[in-house]
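First up is the structure itself, then whatever we jot down about it.
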Amino acid sequence: MTLSQELFERGLIEKTTSEELLPKLDQGGLTFYVGFDPTADSLHVGQLAVFNLMALLQAQGHSPVGLMGGATGMIGDPGGKSQERNLLSEAQLQENIQGIAAQIHRFLAFEGGPKARIVNNYDWFKGIGFISFLRDIGKHFSVNQMIQRDSVKSRLEREGAGISYTEFSYMLLQAYDFVVLFQNHGVTLQLGGADQWGNIVSGIDLGRRLGTAPLYGLTLPLITKGDGQKFGKSESGTVWLSPEKTSPYEFYQFFLNQADEDVVRFLKVLTQVPLAEIKELEAQVLAEPHKRAAQKRLAEDLTRRVHGPEALAKVQRASKMLFGEKISDLDEALITQIFKDVPSVQLERARLEAGLPLIDALFEVGAAKSKGEARKLIQQGGAYVNNEPQKELEFLLRPEHLVSVRHLVLRTGKKNYALLEFS
RNA sequence: GGGGAGAUUCCCGAGUGGCCAAAGGGAACAGACUGUAAAUCUGUCGGCUCCGCCUUCGAAGGUUCGAAUCCUUCUCUCCCCA
């Protein structure tokens with residue numbers, strides 16, 4: 001199977017700007033780029049598909065360029081936003097760029113062969129004067145066409161929102177990026193999400209007017225979930241790649257809990273698990289869904305890739321412990337690892353010795369929003385001490401309930417853990 | 001500028017003097033079932049020192065034994081006409 005066939009098979013190609021691109025993809029040797037907007041100091045799982053595509057292309061002998069939008073990040077892409085964006089400070093942008101660049105390093109090879117590079121468009125925009133930009137670049141854009149763009153149109157039609165001249169200019173900047181990257185690095189292909197089509201085409205047009213070699217674009221489909229909800233959000237919000245923002249444990253659980261109807265598609269788009277193996281997993285989902293072999297494969301693969309094999313081993317151990325039986329006899333090191341990401345609270349040891357009401361403990365650790373709620377949880381059988389249900393309203397926690405020298409594990413519901421630490 | 005409608009507990013939305021912490025639905029949270037899923041069913045869903053008390057119905061005052069409900073002023077939203 002050729003690379004382009006595989007990419008279609010995996011659902012990584014929504015459309016390309018030209019058929020000519022496909023044989024070039026199969027051949028290798030292109031230099032391509034993807035732009036990243038530094039709106040946060042981390043990327044999120046929604047962007048994993050692009051990474052995967054970049055890695056697949058690199059494996060085929062293409063050279064990836066990750067473009068950090070140091071300049072464009074100061075402006076903001078009008079697409080997809082209903083409102084004018086808040087401008088970020090320069091220091092914040094710097095920090096975000098560094099965070100994102102570090103994450104890209106986990107997915108691509110920066111040494112040997114067709115090595116990956118990271119560039120920042122601030123480097124070329126900072127030296128350009130307004131006049132020369134208008135004369136050399138702005139000249140090639142028709143406002144008539146620009147206002148036809150959906151991203152602009154929707155903002156113009158929306159009452160009260162409007163669009164600033166600044167954001168309106170965004171597409172010129174992105175188009176210019178493509179041309180500069182061609183001139184400086186020989187980039188001839190731009191990848192992006194389905195929403196980037198317009199911006200990519202702008203770059204290609206500009207290239208043609210300025211006499212570059214033919215440029216190409218390829219967009220990825222939007223990742224959707226079977227139930228129509230947006231992919232990439234969990235109850236606790238966006239699932240990030242950075243372990244500081246989303247713990248490896250949550251990250252792993254997020255993928256483990258994907259619906260049967262989505263999991264096969266996600267395996268294809270987000271991982272490099274061979275298609276033959278995915279086919280087998282698909283059969284298993286149908287035959288024995290309760291084993292969730294496909295979800296496990298997905299969660300393992302991505303956790304290993306994003307957080308590393310050690311982190312994977314830890315979260316797997318943690319998952320076993322958290323969804324297992326009664327918790328007892330843990331050593332300090334293990335308990336802090338497993339419960340690192342769980343809310344915890346430090347309490348006086350004397351309170352435990354005196355007998356600490358379970359109601360107070362649930363409230364203080366934040367497992368219940370009020371004591372009344374804690375009371376109801378216990379009455380309904382939704383409160384657990386060391387994974388054992390505790391229905392006695394007046395229950396007092398005592399030193400004998402400790403599972404380690406100074407910890408005690410509370411749980412509400414199926415999987416909301418909280419750790420009490422006594423000093 | 002003129003006329004009309006409205007602002008209720010996370011959201012939608014009933015309630016027009018006591019039976020109102022306020023119907024119903026949604027969301028959320030627990031329990032059962034299960035596959036750490038979906039669907040379904042059950043329960044909870046302002047706070048507390050919880051058979052009682054306290055704080056809520058846009059804001060501030062007032063009438064009343066008693067107000068989300070009546071009166072006054074204010075703030076905001078929506079609709080129609082010019």
Side-chain angles (χ1 to χ4, degrees), chain A residues 45 158-161 224-237 239 246-267 270 281-303 312 314-327 338-339 341-343 351 354-396 409-418:
Chain A
V45 294
R158 186 185 303 265
E159 248 176 279
T224 54
K225 292 209 301 180
D227 60 9
Q229 287 186 314
K230 211 169 173 182
F231 169 75
K233 301 260 181 197
S234 71
E235 314 82 53
S236 41
V239 181
T246 299
S247 72
Y249 172 72
E250 268 179 88
F251 183 89
Y252 178 83
Q253 289 289 332
F254 172 77
F255 287 104
L256 192 62
N257 282 318
Q258 293 303 322
D260 295 356
E261 59 177 331
D262 295 326
V263 68
V264 170
R265 222 155 20 89
F266 292 173
L267 272 168
L270 304 177
L281 288 166
E282 185 168 14
Q284 284 185 49
V285 169
L286 281 172
E288 34 187 22
H290 56 282
K291 291 202 174 158
R292 291 179 302 143
Q295 280 90 340
K296 279 183 187 152
R297 188 77 173 85
L298 180 69
E300 277 170 26
D301 191 273
L302 289 169
T303 307
L312 173 63
K314 279 185 199 166
V315 301
Q316 285 180 321
R317 200 161 29 150
S319 296
K320 230 175 233 167
M321 178 63 70
L322 296 182
F323 291 100
E325 300 298 300
K326 182 181 174 190
I327 297 176
I338 293 180
F339 294 104
D341 315 312
V342 137
R351 296 182 61 191
L356 175 64
L358 179 55
I359 292 177
D360 293 4
L362 286 168
F363 172 65
E364 284 179 46
V365 78
K369 284 198 285 291
S370 69
K371 289 188 184 175
E373 192 177 303
R375 202 183 310 268
K376 280 157 199 157
L377 271 169
I378 297 171
Q379 278 166 346
Q380 293 181 120
Y384 304 76
V385 176
N386 300 326
N387 263 357
E388 288 197 305
Q390 186 47 256
K391 296 180 102 158
E392 193 188 317
L393 201 53
E394 307 291 327
F395 189 77
L396 294 178
V409 181
L410 297 182
R411 191 182 113 207
T412 63
K414 284 197 200 309
K415 44 191 171 184
N416 306 309
Y417 282 86

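Just so it is clear, the structure is predicted and the values come from calculations on it, not from any experiment. Order of the sequence lines fixes the chain letters, A, B, ..., with proteins taken first and strands second; residue numbering starts at 1 for each chain.
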Without decimals, in angstroms, what is the distance between [X] [atom1] and [N] [atom2]?
X	N	atom1	atom2	result
Glu394(A)	rC50(B)	CD	P	9 Å
Gln379(A)	rC29(B)	CD	C1'	14 Å
Arg411(A)	rC29(B)	CZ	C1'	15 Å
Gln380(A)	rA28(B)	CD	C1'	13 Å
Ile378(A)	rC45(B)	CD1	C1'	17 Å

Check your understanding: Who is the Watson-Crick or G-U wobble partner of rA32(B), with both distances under 3.5 Å?
Key ->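 Base-paired to rU40(B).
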
Side chain proximity check, [X] to [Y], heavy atoms < 4.5 angstrom:
X	Y	result
Val45(A)	Phe255(A)	yes
Leu410(A)	Val385(A)	yes
Glu250(A)	Val239(A)	no
Phe254(A)	Thr303(A)	no

**Study point:** Of Asp360(A) and Gly382(A), the one whose closest RNA chain B nucleotide lies more 5'
**Key:** Gly382(A)

Check your understanding: Is a side-chain N or O of Glu388(A) found less than 3.5 angstrom from the main chain of Tyr384(A), in a donor-acceptor match?
Key -> no

**Study point:** Backbone of Lys414(A) reached by a side-chain donor or acceptor of Arg411(A) within 3.5 Å
**Key:**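 Yes, the answer is positive, given that a donor and an acceptor are paired below the 3.5 Å cut-off.
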
Check your understanding: Which ones in residues 370-377 of chain A lie close to RNA chain B, meaning a heavy atom under 4.0 Å from one of its atoms?
Key ->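 Going residue by residue through residues 370-377 of chain A, the ones with a heavy atom under 4.0 Å of RNA chain B turn out to be Ser370(A), Lys371(A), Gly372(A), Arg375(A), Lys376(A), Leu377(A).
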
Revision key, fill the gap. Per-nt protein contacts along nucleotides 33-40 of chain B (heavy atom under 4.0 Å; B base, S backbone sugar-phosphate only, - none) come out as BBBBS---

What are the atom names and distances for every N/O pair under 3.5 Å that joins the protein to nucleotides 52-57 of chain B?
none

